[in-house]
Amino acid sequence: MVEVAVPTRVHITPFLSVSPYLPICRKIVVTKVARKISGVVASSSSTFSTSSGFGYQQKVDDGQVLLPKKTSKKRVFFLDVNPLCYEGSKPSLHSFAHWVSLFFNQVSLSDPVIAVVDGERGSEHRRQLLPSYKAHRWKFLRQFSKGHVGRSHGVITNVLRKCNVPVIKIEGHEADDVIATLVGQVLESGYRVVIASPDKDFKQLLSEDVQLVIPLEELERWSFYTLKHYMAQYNCDPCCDLSLRCIVGDQADGVPGIQHLAPGFGQKTALKLIKKHGSLENLLKTAAVRTVGRQYAQDALTKHADYLRRNYEILSLRRDVDVRLREEWLVKRDTSNDSRTLSNFFKFLEETQKFSHYNVSVSNG
């Protein structure tokens, strides 16, 4: 079932309650934050990337991937909502308010934005393969339909809708897979894509017209991440990223690597082998017929091939979700409600927090 929250220009003051224990970020004031980081993010937004993803051909010269020239294609932003609703490991509306206010004021501006949230039972098929997959987030999702957390979903959707952002939720699918599917459709429509998320899974989508923008908590700003940054970090194409993480694991998603099965098989060895063979599947097929590296690596690849293929199935993003891009999602976003909506949202959170503190003090007295 597809659930789409349609944007509206009618202003409605939020009225749903939030958790009494969530701290108020009093230093987060939209106008002040904008001045603080003015120009920092915007100056980074002109960097674009290239790869072979989604059928785009990469340019190679003597084995080196060449970065493309700037393009005039318009951008479409995807906002991965769920990870922004955490402060550390705790669900937090304040974290959502903080990052969304920065996002609207310094990153997306009037570009089209499509927000996507996880659907119920979205991770079920991956958890069947690996129970530890996103276990911390699954614990939160099981509470999402209950109490204050369930009401928070309504607040989040309401805020985004009033800022003229459609909110997409598809039952049985994670937001990551929905975004990956829609990214392909946006590219086919002739646009560039920017995915706003701290999730490393999206690195596998980096391409000539796909880049990421990541929230940096320590700097209190969003930062663009492109092929140029990936190449500088790993010296290989982003198409290798998924294969690499299948070997070294992904701690954030609760996916263990192969190190506990083959001590010494770390990122350095994995990166060297993946760069040489191009993909995990090629590496495993080659290791099945001949030696590809030192004995510990050879033994790990032959003995634990099924383990690594399972990791690949878990970490790879699906691009076949039953969702279709709508033309109205690609129009310039009306930002006229942003300031009032976000200001009211911060006031709402602060007033709710004060009310909760008052109730606690009365009950203790």
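Everything numeric in this text was worked out from a predicted model, so none of it was measured.
With sequence neighbours left out, Y230 forms a side-chain hydrogen bond (donor to acceptor under 3.5 Å, both in side chains) with D241. When the side chain to side chain contact (heavy atoms under 4.5 Å, CB included) test is applied to A115, the partners found at least two apart in sequence or on another chain are L79, V81, L160, V165, V167. Remark: D306 engages no residue in a salt bridge (Lys or Arg N to Asp or Glu O under 4.0 Å) (not counting sequence neighbours). The salt bridge (Lys or Arg N to Asp or Glu O under 4.0 Å) test applied to R310 returns no partner, not counting sequence neighbours. Taking L317 as the reference, D176, D177, A180, D201, F202, Q204, L205 meet the side chain to side chain contact (heavy atoms under 4.5 Å, CB included) condition, with sequence neighbours excluded. Annotation: side-chain hydrogen bond (donor to acceptor under 3.5 Å, both in side chains) contacts of Q295 (sequence neighbours excluded): D299. Among residues two or more places apart in sequence or in another chain, the side-chain hydrogen bond (donor to acceptor under 3.5 Å, both in side chains) test is passed with E328 by none. Under the side chain to side chain contact (heavy atoms under 4.5 Å, CB included) criterion, T291 pairs with Q298, not counting sequence neighbours. When the side-chain hydrogen bond (donor to acceptor under 3.5 Å, both in side chains) test is applied to D111, the partners found at least two apart in sequence or on another chain are R75.
In this structure the side chain of H153 reaches within 4.5 angstrom of the side chain of K169, judged on heavy atoms.
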Exercise. Evaluate side-chain contact (heavy atoms from CB on, under 4.5 Å) for C163 paired with N337, printing each intermediate quantity in order.
Key: CA-CA 6 Å; C163 291; N337 289 337; 5.7 Å; no

Quiz item: Can you list the steps and then say if I314 with Y133 is a side-chain contact (heavy atoms from CB on, under 4.5 Å)?
Solution: CA-CA 8 Å; I314 292 170; Y133 175 74; 3.5 Å; yes

Quiz item: Can you list the steps and then say if S101 with F345 is a side-chain contact (heavy atoms from CB on, under 4.5 Å)?
Solution: CA-CA 10 Å; S101 66; F345 189 34; over 6 Å; no

Quiz prompt | Residues S207, D209; criterion side chain to side chain donor-acceptor pair (under 3.5 Å); working and verdict | solution = CA-CA 5 Å; S207 73; D209 290 312; 6.0 Å; no

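Side chain of K275 to main chain of N235: a donor-acceptor pair is present (N/O by atom type, distance under 3.5 Å, no hydrogens or angles). Here the side chain of T181 pairs a donor or acceptor atom with the backbone of V321 at under 3.5 angstrom.
The shortest non-hydrogen separation linking L330 to V76 is CD2-CG2, 3.7 Å.
No single ILVMFWY cluster, assembled from side-chain heavy atoms under 4.5 Å apart, contains both L342 and L109.
Side-chain N/O atoms of S95 and H98 include no donor and acceptor closer than 3.5 Å.
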Distance-only donor-acceptor pairs under 3.5 Å for side chains of residues 258-273, two or more places apart:
| unit_1 | atom_1 | unit_2 | atom_2 | d |
| --- | --- | --- | --- | --- |
| Q259 | NE2 | V248 | O | 3.3 |
| H260 | ND1 | G257 | O | 3.0 |
| T269 | OG1 | Y296 | OH | 3.0 |

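Rounding to the nearest 0.5 Å places CG of L212 at 4.5 Å from CG of L206.
Considering Q211, Q233, K200 in turn, Q233 is the only one that fulfils the side-chain hydrogen bond (donor to acceptor under 3.5 Å, both in side chains) rule with Y225.
Applying the ring-ring contact (aromatic ring centres under 6.0 Å, His included) definition to pairs two or more places apart or across chains, those involving residues 103-131 are F77-F103, F103-W222. Within the structure, side chain to side chain donor-acceptor pair (under 3.5 Å) contacts touching residues 276-286 (residues at least two apart or in different chains) are S279-N282, E281-R309.
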